[in-house]
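Report on one structure; see the data block that follows.
First the proteins, then the strands, lettered A, B, ... as listed; each starts at 1. Predicted model only: the values in this text are computed from it and were never measured.
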Protein chains: 2
Amino acid sequence: MTDEPSDEDWSPPLVMLAVDLVILTVRERTLRILLVERGVPPFAGMLALPGGFLGDEAEDVRLAATRELAEEAGLDATTLHLEQIGAYGAPARDPRGRVISVAYLAIAPRLPDPVPGSDAADARWEPATAVLSGQLPVAFDHREIIADGIEQARAKLEHTTLATAFCHENFTITELQHVYEAVWDLRLDPRNFARKVRRTEGFVAPAGTPRRTGSGRPAQLFQRGEGRVLYPPMTRATTATVTGTPGEETAG
Amino acid sequence: MTDEPSDEDWSPPLVMLAVDLVILTVRERTLRILLVERGVPPFAGMLALPGGFLGDEAEDVRLAATRELAEEAGLDATTLHLEQIGAYGAPARDPRGRVISVAYLAIAPRLPDPVPGSDAADARWEPATAVLSGQLPVAFDHREIIADGIEQARAKLEHTTLATAFCHENFTITELQHVYEAVWDLRLDPRNFARKVRRTEGFVAPAGTPRRTGSGRPAQLFQRGEGRVLYPPMTRATTATVTGTPGEETAG
DNA sequence: CGAATAGTGTCTATAAGACATTATACT
DNA sequence: AGTATAATGTCTTATAGACACTATTCG
């Protein structure tokens, strides 16, 4: 970011700035993403990521994301994990003009269905695989954004404790395993999984009530531990795909 | 990204879009970053990342990055590894007005010094640690961007073959080890390192000339392999820091 | 021959993968 | 009792960490 002008009174072009939200949760042992049905053109009637334009010129980008999280999804950002995915800036990605979108990844525990009549009336939890496969079409370049966001979540599950963000305050080891299985779309061995989780310093900590619901033996309850990093990492035997850079291909 | 207006003729605020480049290389066994001395306010005389505004309204963001790479650093993007770091959008990050910056990470092999009198006349390779420690001050929020970029590179060295992007077409195992040591700022055992590299499928492949320079035994030459992913990963014994989301803090 | 750098081998400790059994609840 | 889920243990194998020796060049 240095001097620009060879021309003396050149001034930079102006663009519109949007935020888009990839909000993930686990329901019915399946990774799901929150999509909204668009009410207006372009892509009216089609499913798209929740999001919107920067509210005003002074609004912080991340704040815009938390605002849209509340407005479009009825979710409280202070409860959720929220991190940036990246910027998407292809010139023709929005027919309305030059729109740069900053995408965010949000992770939510299982939530009640969006209430009809509320802010998030037209929001739906759709299976991630349906979107990734292209079976369920989405507006704009949102499929690419979704793919990047999901891969980011998948990767972070390997070497961070992010999985706990999919869980409520108290959870069982089995529930945590279901998170891994849903996000990675594979099965894990419960014995090896439990061993890994319990022996990894700071991943989970025992929680109050030592028992719970059910038809079988009651499970121990846990809460998030202090640690953020998993070392050694949790491994998904499936050889991982290396993720490109958000918004475009990697050169050279 | 859905409907916005409760107001009928509301229109989104316009912002300026910039790109900033974190260009890394290894020199004298040290990780270094390319910085330029600013010629004009704000922050005139201070070191800053190479970069600039979007050239025109139709320019792709990534293209703007490759253009600045050529203009400000005299580097050819087709040769280099280039990937996005993220978007930085704090409202007051640039005194000139509302500027959103998309930061890119570029990895270059050891290059000749910037030629005085060329495009990159005021460019300098500075040690990464000096910037990270704050000992060498930089303009804007560039220190944060640099920290994120370097951490991204450090993390990618663990589970991808990115290290080869720091090397020329042909390189020795020892040179590759120096890359890891410089980027991670630690020492590795040459025997274990060589074993790891040679046994990891697709990391490196033997290259033509089986010998080379020097005062000791000539080293075998290698080139990048086909693989992009390192599995199992290369480990930096030092417990890693979990990287936040670019441009802002992670919420609850 | 000595100095310098490259390359290889062995032992050990840690952790992952595969797998079976016991424990505690419910009906 | 029978069923369902939770919890734990053992054996094997892969790989990282620590460490010492041999090989090939140059002067």
*asked:* What's the separation between atom CG in B:Leu21 and atom CD1 in B:Ile146, rounded to the nearest 0.5 Å?
replied: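 Spacing of CG (B:Leu21) from CD1 (B:Ile146) equals 11.5 Å.
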
*Which value, rounded to the nearest 0.5 Å, describes the distance between B:Ile85 atom CD1 and B:Asp20 atom CG?*
9.0 Å

Distance, rounded to the nearest Å, where [X] contributes [atom1] and [N] contributes [atom2]:
X	N	atom1	atom2	result
B:His159	D:dT15	NE2	P	18 Å
B:Gln177	D:dG17	CD	C1'	14 Å
A:Leu188	C:dA16	CG	P	12 Å
A:Leu186	C:dG17	CG	P	11 Å
B:Asp189	C:dC11	CG	C1'	14 Å
A:Gln220	C:dA23	CD	P	16 Å
B:Arg187	D:dA18	CZ	P	15 Å

*Output every pair passing salt bridge (charged side-chain N to carboxylate O under 4.0 Å, His left out) with a member in residues 24-35 of chain B, not counting sequence neighbours, ordered by first then second residue.*
B:Arg27-B:Asp113, B:Glu28-B:Arg32, B:Glu28-B:Arg110, B:Arg29-B:Glu181

*Hey, could you give me each pair passing salt bridge (charged side-chain N to carboxylate O under 4.0 Å, His left out) that has a residue in residues 160-170 of chain B? Not counting sequence neighbours.*
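Every candidate salt bridge (charged side-chain N to carboxylate O under 4.0 Å, His left out) pair involving residues 160-170 of chain B fails, so no pair, neighbours aside, qualifies.
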
_I'd like to check the ring-ring contact (aromatic ring centres under 6.0 Å, His included) partners of A:Trp184; sequence neighbours left out, ordered by chain and number._
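Checked A:Trp184 against ring-ring contact (aromatic ring centres under 6.0 Å, His included); matches are A:Tyr180.
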
_Holding to ring-ring contact (aromatic ring centres under 6.0 Å, His included), I want the full list of residues that pass it with B:Phe222, two or more places apart in sequence or in another chain._
none

Show me the side-chain donor-acceptor pairs of residues 127-137 of chain A shorter than 3.5 Å, one per line, residues at least two apart or across chains.
from	atom 1	to	atom 2	distance (Å)
A:Ser133	OG	A:Thr129	O	3.0
A:Ser133	OG	A:Ala130	O	3.1
A:Ser133	OG	A:Gln135	N	3.2

*Tell me, which pairs form a side chain to side chain donor-acceptor pair (under 3.5 Å) where one or both residues lie in residues 197-208 of chain A, sequence neighbours left out?*
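The answer is none; no pair qualifies.
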
_Pairwise 5' ranking along DNA chain C for A:Pro232 and B:Ile173, keeping only the more 5' one_ =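 Comparing both residues, the 5'-ward one is B:Ile173.
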
*asked:* Suppose we screen for side-chain contact (heavy atoms from CB on, under 4.5 Å). Which residues come up paired with B:Ala123, at least two apart in sequence or across chains?
replied: B:Leu34, B:Val36, B:Pro114, B:Ala120

Between the protein and nucleotides 3-5 of chain D, list the N/O to N/O atom pairs that are separated by less than 3.5 angstrom.
from	atom 1	to	atom 2	distance (Å)
D:dT5	O2	A:Arg217	N	3.2

*asked:* Just N and O in the side chain of B:Thr235: are any of them under 4.0 Å from OP1 or OP2 of D:dG17?
replied: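 For B:Thr235, the contact criterion (side-chain N or O under 4.0 Å from OP1 or OP2 of D:dG17) is met.
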
*asked:* Can you list, in residue-number order, the parts of residues 191-199 of chain A that come under 4.0 Å of DNA chain C, counting heavy atoms only?
replied: A:Arg191, A:Asn192, A:Arg195, A:Lys196

